Protein chains: 2
Amino acid sequence: MPRGGAGRIKGSQGERARARKELRAALLAAARELAEESQGFEAVTIRKVADRVGYAAPVVYEYFANKRDLLHAVVTNGFADLADRLDAAEPTVEAAAAVVWDFAVEEPYRYHLMHSLADVPFGTSGTPASAVRCFELLKAAVTAAAPDHFASTVDDDAATDLFWAQAHGLITLAFNGRVKGGRERARALLDCVATALRTPSQADSLSRGHE
Amino acid sequence: MPRGGAGRIKGSQGERARARKELRAALLAAARELAEESQGFEAVTIRKVADRVGYAAPVVYEYFANKRDLLHAVVTNGFADLADRLDAAEPTVEAAAAVVWDFAVEEPYRYHLMHSLADVPFGTSGTPASAVRCFELLKAAVTAAAPDHFASTVDDDAATDLFWAQAHGLITLAFNGRVKGGRERARALLDCVATALRTPSQADSLSRGHE
DNA sequence: GCTAGTGTCTACCACCGTTAGAAAACTTGG
DNA sequence: CCAAGTTTTCTAACGGTGGTAGACACTAGC
């Protein structure tokens, strides 16, 4: 008997489809929670995930092809959540930076997985739509920060990449205890970078190198 | 009989100590090679590592407490190699950026492990000496790029953190196919960031936020 | 040659991802 | 309301994993 969810799957076709969706989501959530509790996805086990929602291990394979597929789903799910948050925030670099930072603080292991799981490319057609949404929302914020400078140099994409890279690098280093002043300092540095994007000189130097 | 190394361990105490050191290094190298060949450290197995140097699995535990310890050693080893390369290069940001980039290109999985393995902090006393050496060499390059601006604001450390974070973020994103123009573009952006560090306005904006 | 001690291996443990196949529960059509 | 057929779910198993125990072989030093 299931402990975590809405009971076994039964009912007419429509009900069953809904119940299946719910169970899938529950499995995803279980994997996520397990990772945060156990401080890492290495500890996330098919058996434990199934157990947490009150099922035996093989049920997982009714919803995901294999473990990699499950983790992949956790990642795209994470980008969807992040995109929702970016959407809800003001379209400014500072706000976007805050959203990304807070996300990493709240779910550090999911954040880490989102950026370390192989086979989740961005440029290709296999890119999750949620990830593309994240990039576009971030781009809107970056472009809004210095519209005059980037508009002419055609390089909103590069500026967004750079800003994302700076934020992600700072988060990675800070969360691994590699920034000298600790997390607070890293957070301050990120804010500093964000506001610096607004100054013309910075934007100039960014766009100078590649036209 | 060992395939990969210098024969079984025997001889007088001095010889034995040397042979043990060699075997330890061989195990480390085997783990590294296996990861690059198999495209990831998930595929690195105690048995495979031992096999590659011609031994049975339990030998590994004569040199490392457990798998985590082995990977930890791979990481500190990686920082030592990176530090050596930084030391050999010119003390400029451009050269430092090139060194880090090339390292990531040549051994992407070791590079990734160096930044993703938990329990390898920087600030604390448990920080590997090789990692500290990397940071100091990088700091020297960054400081040399804009000596007047950073000297007065006491923030060489922060500037180094930011540059390292930018480089690392760019590498991570680029190698996961997440930078719009591909790796070449990411490489160009990194160079652009490096040279931008030289312009006073950039240095100003960096140091402005935190005094 | 013998003794200590080191190096190394085989055999095993619990657990992992994953699959096969049977059993149970249910919907559906009459 | 019952039989047929579908779907859900489980137990059992396979090979491989990290890790340990204990036996065996060999070597150094006397």
Side-chain angles (χ1 to χ4, degrees), chain A residues 1-24 26-27 30-31 34-35 38 40-74 117-119, chain B residues 1-27 30-31 34-35 38 40-74 113 117-119:
Chain A
M1 17 359 234
R3 291 195 307 260
R8 310 259 115 169
I9 290 186
K10 59 184 179 185
S12 61
Q13 226 165 16
E15 293 174 38
R16 258 193 354 226
R18 195 170 45 85
R20 278 187 66 91
K21 222 170 207 169
E22 272 177 27
L23 181 47
R24 201 190 118 101
L27 287 169
L34 226 43
S38 319
F41 273 91
E42 311 89 34
V44 173
T45 284
I46 297 282
R47 283 173 173 84
K48 284 188 201 158
V49 169
D51 224 46
R52 175 167 282 241
V53 298
Y55 281 89
V59 245
V60 175
Y61 295 91
E62 302 284 330
Y63 298 85
F64 304 95
N66 47 41
K67 192 182 184 183
R68 183 173 217 90
D69 190 34
L70 168 66
L71 295 185
H72 192 105
V74 169
L117 192 65
D119 301 336
Chain B
M1 15 3 233
R3 291 195 307 261
R8 310 260 112 170
I9 289 187
K10 58 183 177 184
S12 62
Q13 225 166 16
E15 294 174 36
R16 260 192 354 225
R18 195 171 44 86
R20 278 186 66 90
K21 221 170 208 170
E22 273 177 26
L23 182 47
R24 201 189 118 101
L27 287 168
L34 227 42
S38 319
F41 274 91
E42 312 89 37
V44 173
T45 285
I46 297 281
R47 282 171 175 82
K48 284 188 200 157
V49 168
D51 225 46
R52 176 167 280 242
V53 298
Y55 281 89
V59 207
V60 175
Y61 295 93
E62 302 282 331
Y63 298 86
F64 304 96
N66 47 42
K67 193 182 184 182
R68 183 173 217 89
D69 190 35
L70 169 66
L71 295 185
H72 191 104
V74 168
L113 189 71
L117 193 64
D119 301 336

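Here is how names work: the chains are called A, B, and so on, in the same order as the sequence lines, proteins then strands, and each is numbered from 1. The basis for the numbers below is simple: all heavy atoms, side chains too, and nothing from hydrogens, waters or symmetry mates. Since this is a predicted model, take the numbers as computed values, not measurements.
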**Q** I need the single residue from A:Val60, A:Leu23, A:Leu27 that forms a side-chain contact (heavy atoms from CB on, under 4.5 Å) with A:Tyr55. Which is it?
**A** A:Leu23
**Q** Hey, what do you get for NZ (A:Lys21) to CD1 (A:Ile9), rounding to the nearest 0.5 Å?
**A** 13.0 Å
**Q** Side chains of A:Phe41 and A:Leu117, heavy atoms from C-beta outward: is any pair under 4.5 Å?
**A** no
**Q** Between protein and nucleic acid, restricted to nucleotides 3-8 of chain D and to nitrogen or oxygen atoms under 3.5 Å apart, what atom pairs and distances do you find?
**A**
none

**Q** Protein within reach of the bases, or only the backbone? For nucleotides 15-22 of chain C, mark each nucleotide 5' to 3' as B, S or -, using heavy atoms under 4.0 Å.
**A** -BBBB---
**Q** Shortest non-hydrogen contact from A:Ala50 to A:Ala57?
**A** CB-CA, 3.7 Å
**Q** Is any side-chain heavy atom of A:Ile46 less than 4.5 Å from a side-chain heavy atom of A:Tyr61?
**A** yes
**Q** At what distance, to the nearest 0.5 angstrom, does CD of A:Glu42 lie from NZ of B:Lys67?
**A** 10.0 Å
**Q** Could you give the distance from CG (A:Asp69) to OH (A:Tyr63), rounded to the nearest 0.5 Å?
**A** 14.0 Å
